Every structure is written in structure tokens, then in C-alpha cells.
Amino acid sequence: MPPAKKDAISFRPLHDKILVRRDTAEEKTAAGLYLPEKAKETPKTGVVEAVGTGALNHDTGELVPLTVKRGDRVLFTSYAGTEIKLEGAEFLVMSEDEILAVIA
């Protein structure tokens, strides 16, 4: 097996789960004022880092592939996912149904 890349993340979501790296919060306003930590809004956008194999259709037993793929920028709900820390970086693990849109 080849050695893992240094920037590769050792995490594989299962089924319809997705690993998302949340965008960083804005440091300053449009007018150039710096925001204190408590005033920063938690971003509801991010980049998909890894995806599971898909969801199981309980009626037919078929595996339904996910709509999003690695590298997609996505918009998700305010309380989406579970926050985790991997290799010093923070991520969200969420279901595909918590994603509202893919940002082009």
C-alpha cells in the first residue's frame, strides 16, 4: 500500500454521511472593522472532503449514490452535523439531507 499523502485525511464516512470542512468566519466587516470573537457568525458553508457510499433504498434494497462529491462547496442548515476534530482541523460529519444546496 502506498504511503498516505500528508494532506490526506484518514476518514471514510459511512452510507449517506459526508465530511465537510466548514469555511472560516469573517474576521472583519465590509467597512473594515474587526469583529470580536463573540460577534462572528458561524459559517453555514463549506467544502466536501469525503463522502460515503450512498443511502440504501429500503423499498428496493438498491444503493442510491450521493448527489454531492468531494470538492463541492455546499450550503447546509444552521445545526447540521456533528463537529469533530481530525489531525488538528475541525470538520462536520452530516447526512446528505442536511445539505441545502451545492454552490457553483
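The model shown is predicted, which means the values in this text are computed figures rather than measured ones.
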Contact check, side chains of Thr53 and Leu63, non-hydrogen atoms, under 4.5 Å: yes
Ile103 CD1 to Leu75 CG distance, which is reported to the nearest 0.5 Å: 5.5 Å
Nearest-0.5 Å distance, OG1 of residue Thr45 to CZ of residue Arg22: 9.0 Å
Pairwise distance CG(Leu56) to CG(Asp16) - rounded to 0.5 angstrom: 10.0 Å
Heavy-atom side-chain proximity of Arg21 to Glu90 below 4.5 angstrom: no
Other ILVMFWY residues reachable from Phe76 by side-chain steps of under 4.5 Å: Ile18, Val20, Val48, Val51, Leu66, Val68, Val74, Leu92, Met94, Ile99, Val102
Contact list for residues 92-102, test side-chain hydrogen bond (donor to acceptor under 3.5 Å, both in side chains), sequence neighbours left out: Lys17-Ser95, Thr67-Glu96
Validation row: Glu49, Phe91 side chains within 4.5 angstrom (heavy atoms): yes
Check against salt bridge (Lys or Arg N to Asp or Glu O under 4.0 Å), Asp23 and Lys44: CA-CA 8 Å; Asp23 291 340; Lys44 296 174 190 73; over 6 Å; no
